Protein chains: 2
Amino acid sequence: MLNNSQYIEKLRSSGLRPTKQRIKICEVLFNTEKTFHFTINELVKKISKSTNDKISLATVYNTIHAFKNKGYLKEIPINSDQSYFDTNTSHHHHFYDESQRDLIDIDEADVEPVKIYTRIPGKKIKSVEVLVKVEDDKS
Amino acid sequence: MLNNSQYIEKLRSSGLRPTKQRIKICEVLFNTEKTFHFTINELVKKISKSTNDKISLATVYNTIHAFKNKGYLKEIPINSDQSYFDTNTSHHHHFYDESQRDLIDIDEADVEPVKIYTRIPGKKIKSVEVLVKVEDDKS
DNA sequence: CAACAGTTTAGAACAGTTATAATGTAGAAA
DNA sequence: TTTCTACATTATAACTGTTCTAAACTGTTG
């Protein structure tokens, strides 16, 4: 929930030029009460609903990748024909309802911290992500 | 580690006609000491190395999906431009080294069972998968 | 063996994503 | 403010993994 000048500052401070496309995308992504999940396709629709100046698809992809690299977005590891992103960059996990193709946050407090008793020599852990797949309970 | 007649039986008992393509794919996938991970591309190469009769790409896709549906393979949820499959269908988790694009099993005993204290009403849990992303440790 | 449903096949089609190269623009310097 | 330049945007082409199509083939059943 920031205003434009704060997005401009945020972009500039991370070495991204605050273009009007990037500011608009910031608004769509971050000017919300709650965080949310999205695919590029859904984001494009959301953008076009909220502005008359269309943003090209390539720019959306570029911007999302830039934001992901800067840590403003997380990509959610999931088997899907398209990539899912999350505006919630805090440490948390997900339910995935494959039938509805619906992603739901699992609050960090609702998952016992995952302990891993083995390591890969020479590598350090970057992230630990839990994906809980659910299906309709017909019992 | 089965011989052909056992694969024929396995296929037939799950309602899949034991065609020579499927039997060959069974051999490549299951006639090994250790389980392994693969992409369709890698599998196609493996198949063509081990036989002179080429199997069409469409058949490989069909067969892998059939095997996955029958529970002979698991798909590994990962953000990648291609799907990863695992011949190890027991419950276990993975390290993913993004720089090498390399998947490594985490033995079930090496992960504290993941406890989830929340549920989605009307849905039951189908699987719980942990993906640990690692990177080179430059410290 | 005949008949049929299931399977394989090559290639076309498709969807998501990335690359290209021309045009535009933010920011710095004069 | 004007000029300059590196960075961004754009439309579109290209690319990649996967799915579809429809014709030919084959395992199974009677």
Side-chain angles (χ1 to χ4, degrees), chain A residues 4-5 7-26 28 37-48 51-70 72-73 75-85 98 101, chain B residues 4-5 7-26 28 37-48 51-70 72-73 75-85 98 101:
Chain A
N4 284 9
S5 64
Y7 293 134
I8 290 171
E9 200 35 56
K10 178 177 175 162
L11 289 166
R12 229 192 296 263
S13 70
S14 53
L16 297 173
R17 278 193 191 164
T19 62
K20 66 176 184 308
Q21 291 85 348
R22 285 172 175 167
I23 294 164
K24 170 48 76 183
I25 293 172
C26 277
V28 173
H37 310 122
F38 63 92
T39 62
I40 297 291
N41 223 326
E42 290 165 356
L43 179 60
V44 166
K45 282 181 200 156
K46 221 164 183 172
I47 291 168
S48 61
T51 184
N52 293 316
D53 316 339
K54 100 178 257 298
I55 298 179
S56 104
L57 185 60
T59 300
V60 177
Y61 273 100
N62 288 341
T63 302
I64 292 312
H65 287 146
F67 285 8
K68 184 193 160 192
N69 290 336
K70 295 299 178 186
Y72 301 156
L73 291 173
E75 193 169 358
I76 304 170
I78 218 175
N79 292 127
S80 173
D81 46 354
Q82 56 202 313
S83 295
Y84 277 83
F85 296 90
E98 277 180 323
R101 295 178 145 240
Chain B
N4 284 10
S5 64
Y7 292 134
I8 291 173
E9 199 36 54
K10 178 176 174 162
L11 289 166
R12 228 193 297 264
S13 71
S14 54
L16 297 172
R17 278 192 191 166
T19 64
K20 66 175 184 308
Q21 292 86 347
R22 285 172 176 167
I23 294 166
K24 168 49 75 183
I25 293 173
C26 277
V28 172
H37 311 122
F38 64 92
T39 63
I40 297 291
N41 224 326
E42 291 164 355
L43 179 60
V44 166
K45 282 182 201 157
K46 221 165 183 172
I47 291 168
S48 60
T51 184
N52 293 315
D53 316 340
K54 102 177 254 300
I55 297 179
S56 105
L57 185 60
T59 300
V60 177
Y61 273 100
N62 288 342
T63 302
I64 292 312
H65 287 146
F67 285 7
K68 182 193 162 193
N69 291 336
K70 295 299 177 184
Y72 301 156
L73 291 172
E75 193 169 358
I76 303 170
I78 217 175
N79 291 127
S80 174
D81 46 354
Q82 55 202 314
S83 295
Y84 278 83
F85 296 89
E98 277 179 323
R101 296 177 143 240

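Please read these numbers as outputs of a predicted model, since none were measured by experiment. Per chain, numbering begins at 1; letters A, B, ... match sequence-line order.
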### Interface limits on DNA chain D, where chain A has a heavy atom under 4.0 Å of a nucleotide atom
D/dA6 to D/dA11
### Query
Given the rule in the side chain to side chain contact (heavy atoms under 4.5 Å, CB included) test, do A/F38 and A/K45 qualify, once you have shown the distances and angles that lead to the verdict?
CA-CA 11 Å; A/F38 63 92; A/K45 282 181 200 156; over 6 Å; no
### Query
Which letters describe nucleotides 18-30 of chain C, given B = protein heavy atom under 4.0 Å from base, S = only from sugar-phosphate, - = neither?
BB------BS---
### Task
Look up atom CD in A/Q21 and atom NZ in A/K54, then write down how far apart they are to the nearest 0.5 Å.
10.5 Å
### Rounded distance (Å) that lies between atom C1' of C/dT8 and atom CZ of B/R22
9 Å
### Query
So what does B/S83 touch, heavy atoms closer than 4.0 Å: a base, only the sugar-phosphate, or nothing?
sugar-phosphate
### Message
Just verifying a value: how many Å separate B/H37 NE2 and B/I76 CD1, rounded to the nearest 0.5 Å?
### Response
4.0 Å
### Query
Counting N and O atoms only, with roles assigned by atom type, does the side chain of A/R12 sit under 3.5 Å from a partner on the main chain of A/P18, one being a donor and the other an acceptor?
no
### Query
B/N79 CG to C/dG16 P: how many Å, rounded?
16 Å
#### Entry: Distance in angstrom units between A/N62 CG and C/dG16 P, rounded
18 Å
### Task
Please give the angle, rounded to 10 degrees, between the axes at the start and the end of the helix from C/dC1-D/dG30 to C/dA30-D/dT1, where five pairs define each axis.
20°
### Query
Between A/T51 (side chain) and A/S48 (backbone), is there a donor-acceptor pair under 3.5 Å?
no
### Task
Send over the distance from A/L43 CG to C/dT17 C1', rounded to a whole Å.
15 Å
#### Entry: Validation row: A/N79, B/P77 side chains within 4.5 angstrom (heavy atoms)
yes
#### Entry: Position toward the 5' end of DNA chain D (nearest nucleotide), A/I55 or B/D81
A/I55
### Summary
Interatomic distance, OH@A/Y7 vs NZ@A/K10, rounded to 0.5 Å, equals 7.0 Å
### Query
What are the two closest heavy atoms between A/A66 and A/L16, and how far apart are they?
CB-CD2, 4.2 Å
### Task
Examine C/dT8: is either OP1 or OP2 under 4.0 Å from a nitrogen or oxygen in the side chain of B/K54? Give yes or no.
no
### Task
Give the C-alpha distance, both sets of side-chain angles, the deciding distance and a yes or no for side chain to side chain contact (heavy atoms under 4.5 Å, CB included) between B/Y72 and B/T63.
CA-CA 11 Å; B/Y72 301 156; B/T63 302; over 6 Å; no
### Message
The test is side chain to side chain contact (heavy atoms under 4.5 Å, CB included); show your working for A/F85 and A/I40 and say whether it passes.
### Response
CA-CA 8 Å; A/F85 296 90; A/I40 297 291; 4.0 Å; yes
## Note on the structure
Separation between CD1 (A/I64) and CG (A/N69), nearest 0.5 Å, reads 11.0 Å
